[in-house]
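Down below is the structure, laid out as structure tokens.
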Amino acid sequence: MTGYNIKITDEIIKEHNLKKDEYELILKILNRTPTIVELGIFSAMWSEHCSYKHSKPVLKKLPTKGKYILQGPGENAGIIHATKNLGIAFKIESHNHPSAVEPFQGAATGVGGILRDVFTMGARPIAVLDSLRFGNPESKNTQRLLPSVVKGIAFYGNCVGIPTVGGETVFEDCYETNCLVNVMTIGTVEKKKIKKGIAKGIGNPVIYIGAATGRDGIHGASFASAELTAENQERRSSVQVADPFMEKLLLEATLELNDKGLIVGIQDMGAAGLTSSSVEMANRGKVGIELNIDKVPKRETGMNAYEVMLSESQERMLMITEKGKEKKVEKVLKKWGLHAVTIGKVIKKPYIIVKEKGKVVAEIPVAPLADSNHKFFPLKRQKGIKPKYLENINIDYNLIPIPNNIEDILIKLIGSPNIACKSEIWQQYDHMVRTNTWTLPGSDSAVIKIKGENLLIATSVDGNGRYTYLDPYRGGAIAVAEAARNVSVSGATPVALTNCLNFGNPEDPEIFYQFEKAIEGMADAAKILKTPVTGGNVSFYNEGKDGAIYPTPIVGMVGFIKGTRYVKQYFKDSEDVILLLGQTKDELGASEYLKEIHGLIKGPVPEIDLKLESQIQKTIRNGIKAGIIKSAHDISKGGLAVALAECCITAKLHGEKNIGAFIEIQSDIRIDSLLFGETQSRIIITTSKKDLNTMKKIAAQNKVVLTEIGKTGGDRLIINIDWAAKKCSQKINIKITDLENIWMNGVNKYV
Amino acid sequence: MAHAKIIVTLKDGVLDPQGKTVKFALEKMGYKNIEDVRIGKYIEIEIKNNNREKLEKEIDEICDKLLANPNIEKYKFSIE
Amino acid sequence: MAHAKIIVTLKDGVLDPQGKTVKFALEKMGYKNIEDVRIGKYIEIEIKNNNREKLEKEIDEICDKLLANPNIEKYKFSIE
Amino acid sequence: MKAGVIVFPGSNCDADCMWALQDILGVNTEYIWHENKNIKKYDLIVIPGGFSYGDYLRCGAIARFAKVMESIQEFSSKKNKFILGICNGFQILLEAGLLPGAMLMNKTLKFICRYVNIVTENNMTPFTGKMKKGQVLRIPIAHNEGNYYCDETTLNNLIKNDCVVFRYSDENGSVNDNTNPNGALYNIAGIINKDGNILGMMPHPERAMIKELGSTDGRLIFESVIKYIKNN
Ligand SMILES: Nc1ncnc2c1ncn2[C@@H]1O[C@H](COP(=O)(O)OP(=O)(O)O)[C@@H](O)[C@H]1O
Ligand SMILES: [Mg+2]
């Protein structure tokens with residue numbers, strides 16, 4: 001065993017982000033001092049990023065079973081049953097820290113990583129979604145990050161030729177230095193061609209394909225698990241540069257290898273590169289892998305085993321084929337201008353063995369590296385403590401004057417960063433390639449045709465950090481509910497979700513509390529809405545110079561539409577009836593209104609009745625299935641008035657005519673709650689007059705409240721409020737072209 | 001009037017997908033003797049300035065702030 | 001082993017949208033004395049070759065065929 | 001008739017062109033691998049969009065040296081053989097010198113994916129026979145380098161010879177700077193060679209084939225050339 005004569009000092013252990021007790025576990029596992037290569041491997045595998053050592057016990061609360069689940073958590077991506085022969089693979093992942101340091105390459109490589117997670121399963125990626133968080137759009141840092149992140153995502157996804165069909169973009173000060181870049185990929189796979197990241201067959205060759213290994217991102221995994229401070233920004237090793245063309249070749253080659261039956265097991269080299277891919281594959285197969293570092297294709301001279309094992313160079317895959325089929329593998333790769341290099345073999349002894357120049361430089365049992373049930377695995381069992389700030393978090397309604405300028409408020413809100421149009425972002429993404437995008441970005445969810453099948457899928461990514469900050473449980477639950485609702489309003493039945501959990505430092509018990517509660521909320525919502533979790537990603541240590549970000553769980557939802565009945569969010573025709581499904585409550589807390597108009601980040605977060613939510617969503621789906629709903633839009637940020645405005649002004653981006661509306665509402669709750677409050681489980685729908693009664697029947701059957709509130713037509717949005725309690729009325733009467741202009745310019749000018 | 005000629009290249013060790021692909025293309029075109037190709041940017045700035053020293057500082061600043069991405073690129077320049 | 005250093009620039013008169021944008025950005029950053037910015041490519045080729053003359057011809061050919069588009073670009077190179 | 005869709009490493013609209021021709025229009029269509037030089041059997045060859053060789057160096061610069069491109073020259077000189085270059089395909093045709101001019105980066109310096117209107121300037125070509133002169137088509141663009149450029153003489157020749165087939169316009173067909181998404185000279189969206197058998201265009205007709213995708217105007221282009229081939 002060689003150790004490059006490097007002595008393992010306390011200093012070195014600390015540099016590897018290993019705690020003292022963790023190092024003791026290493027000594028127990030090895031019964032000797034580790035070599036530097038071994039220390040590197042432990043450090044990478046036990047980093048939060050790879051090990052989920054803080055989150056695993058909590059994640060167990062999430063429901064993962066259901067009739068649609070074909071592959072639950074544990075693989076590179078989850079898979080659901082779509083049709084008799086077809087599965088849908090999907091997964092979301094974060095690339096927050098790399099993007100904060102180097103926005104273009106960080107975001108681009110983020111797309112690359114999640115694409116590989118999906119095609120590694122044997123699936124062809126068909127869609128990408130992105131969920132982005134930045135600080136104030138006017139800040140210097142946001143101006144540095146936002147345009148480059150968007151360009152990076154565009155650069156990668158467009159080049160590989162996977163449409164980016166949806167996403168969300170949110171601005172809050174807490175993300176100022178620690179932006180969030182979460183990317184989700186969806187793919188289709190023939191069920192009989194599903195592949196897993198498993199090593200099998202003693203003696204089978206371990207084959208390396210894709211880009212050569214450089215010194216990029218060494219320690220990337222442990223870096224992603226450390227807080228971002230000015231000091232350790234210096235510590236980063238060279239940035240990973242994205243090569244989407246290589247990815248495209250790798251994608252086509254991998255799928256062709258799979259079609260030809262040449263893959264036994266396969267995994268992309270993501271975080272912790274060769275280390276995690278080989279260890280995880282060996283662990284799943286309960287076998288060992290022996291690697292010969294000298295064989296690994298290297299881009300730079302003088303790279304040693306330590307560097308090779310820990311490099312995070314992009315666009316690389318590790319696969320196992322059957323012994324004797326190496327030539328066939330090589331032939332496929334050659335067609336795509338790539339090489340296959342045998343760098344090791346599957347062995348019986350369940351160890352990861354690394355050889356360099358004929359010498360063994362690492363020899364570690366696989367289980368304690370990767371199996372969280374192993375007695376020496378450094379699982380953290382923590383308990384959260386309710387954060388102090390939550391004690392005094394709710395507004396006193398009496399301090400908020402009832403406004404008498406509701407039209408000004410609507411105008412301000414429609415142009416505010418979190419509500420304004422994001423077309424300058426999504427038009428940089430090729431969202432049409434593959435000719436399946438039936439609903440373009442700019443509606444509640446993207447609707448994608450699965451060619452050759454009687455199937456459409458609808459998908460949306462959603463999360464509300466502010467809600468989760470103010471009420472972790474509700475925030476988690478609402479993230480699931482809203483994602484499902486966005487899918488339902490297109491006519492799809494939500495069937496499963498993937499989640500990306502962006503939080504601060506989990507070693508802080510108050511942060512851990514946020515995490516636990518948010519997961520509980522998500523778990524309850526996912527159970528009641530029957531959308532189990534197929535996998536996801538945890539991103540901790542999202543802390544900038546002003547402390548932790550808002551806890552930000554992001555949900556990526558996938559739903560199915562059998563047949564072709566689907567709707568979009570904007571008004572279709574004049575003279576249609578506008579209906580409100582659900583009921584508005586006196587809820588102002590956590591709203592965009594409070595933030596934008598009153599400068600307040602205060603609760604309470606709107607209540608969420610998950611049973612009711614489920615009924616509401618069922619109602620809308622039934623209506624769409626019955627073919628009587630012409631448009632449907634859920635009410636979210638900005639409340640009822642903003643949602644109505646959006647119904648009036650979003651047609652144009654979809655190539656249709658914007659249509660005004662005339663609304664009349666009688667109510668006795670506060671006018672600002674009524675128009676701008678963010679009560680959950682509400683949807684604006686339109687039907688033609690003749691279908692009104694049928695729609696009412698459907699609502700009654702599902703025991704939900706349906707109220708006629710107006711009709712479509714004209715070129716203005718007119719809202720008349722008859723406020724019974726105070727015996728007075730207020731009016732909004734504004735040209736929709738004016739609304740449209742303000743909405744179009746709020747954010748687009750910053751991109 | 002002065003002319004600044006700036007060359008921005010990738011730092012050593014940083015992957016250069018463009019260079020790699022161009023090398024591949026050249027090999028396919030029959031140029032078998034190519035060892036390496038690296039692609040960078042070339043920028044010419046025409047600038048009004050009489051004070052040579054100030055000018056150097058200014059160009060250096062411009063490179064550092066805008067033209068080169070310090071995470072992955074380095075630069076050099078000459079002024080005529 | 002020889003090093004060819006190649007500079008590819010847009011021909012005079014061809015609009016340079018990138019250069020224009022950089023100029024604009026520089027002005028916004030307060031550099032008021034910028035007259036013009038033009039952006040081109042810088043390519044380094046490492047090539048095995050002993051015969052200097054043949055090498056020059058080869059690089060010229062590579063530039064002409066692949067590295068520059070003669071419709072819009074011109075090039076020059078030096079060999080070390 | 002038989003159509004072929006060339007596949008370069010990095011092509012990514014190849015499957016869409018196949019779908020448009022084969023599934024939607026029922027044309028017998030095959031993929032042509034970029035190393036295949038045997039293309040005589042095809043009547044129509046589509047060079048699809050995407051990022052051949054990553055569009056590294058310059059869009060289309062590397063693809064033009066592919067083996068298939070050696071036969072394309074000859075193919076295009078034969079009677080009744082047609083080439084349609086879409087987006088990256090158009091860029092490749094320019095790089096190969098089969099059409100004049102070059103592409104610069106969009107004036108916005110951004111990739112643009114959205115529907116645009118283009119007006120049919122010349123409806124006498126094999127690719128535009130089903131349209132009226134001045135007819136406006138709604139077809140999406142998706143590119144980073146679609147800012148068409150050529151020198152003045154070339155432009156004058158293009159105009160004089162009626163080689164400008166499509167120009168970016170508004171929905172009524174009027175052409176001005178506001179209807180120019182990318183800065184293209186003379187709002188050029190598509191040009192044809194003098195012989196009338198090679199059309200290059202930036203917009204993606206294969207993306208405008210069914211109403212669910214937002215427009216069916218793309219069909220007109222394919223249908224025109226199919227009809228022409230069948231009638232000749
Ligand atoms: N970063 C982005 N990438 C792609 N699409 C985006 C992005 N940000 C916003 N969008 C699109 O803009 C529309 C509005 O987004 P959002 O306000 O989050 O909708 P909702 O409230 O229904 O969740 C959606 O169709 C979404 O797909
Ligand atoms: Mg919505």
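Just so it is clear, the model here is predicted, and its values are computed rather than measured. Convention: sequence-line order gives letters A, B, ...; per-chain numbering from 1.
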How about the chain C/chain B donor-acceptor pairs under 3.5 Å, what are they, with distances?
residue, atom, partner, partner atom, Å
C:Tyr31, OH, B:Glu61, OE1, 2.3
C:Asn33, O, B:Lys48, N, 2.8
C:Asn33, ND2, B:Lys48, O, 3.0
C:Asn33, ND2, B:Glu58, OE2, 3.3
C:Glu35, N, B:Glu46, O, 2.7
C:Glu35, OE2, B:Lys48, NZ, 3.3
C:Asp36, N, B:Glu46, O, 3.3
C:Asp36, O, B:Glu46, N, 2.8
C:Arg38, N, B:Glu44, O, 2.9
C:Arg38, O, B:Glu44, N, 2.9
C:Gly40, N, B:Tyr42, O, 2.6
C:Gly40, O, B:Tyr42, N, 3.0
C:Tyr42, N, B:Gly40, O, 3.0
C:Tyr42, O, B:Gly40, N, 2.6
C:Glu44, N, B:Arg38, O, 2.9
C:Glu44, O, B:Arg38, N, 2.9
C:Glu46, N, B:Asp36, O, 2.8
C:Glu46, O, B:Glu35, N, 2.7
C:Glu46, O, B:Asp36, N, 3.3
C:Lys48, N, B:Asn33, O, 2.9
C:Lys48, O, B:Asn33, ND2, 3.1
C:Lys48, NZ, B:Glu35, OE2, 3.2
C:Glu58, OE2, B:Asn33, ND2, 3.3
C:Glu61, OE1, B:Tyr31, OH, 2.4

d(B:Leu55 CG, B:Ile47 CD1) to nearest 0.5 Å is 5.5 Å
CG of B:Leu67 to CG of C:Leu26, rounded to nearest 0.5 Å, is 6.5 Å
Which atoms of [X] come close to chain B, meaning under 4.5 Å heavy atom to heavy atom: side chain ones, backbone ones, both, or neither?
| X | value |
| --- | --- |
| C:Ile62 | both |
| C:Ile45 | both |
| C:Ile6 | neither |

Whatever's closer than 4.5 Å to a heavy atom in chain C on B:Ile43 counts as both
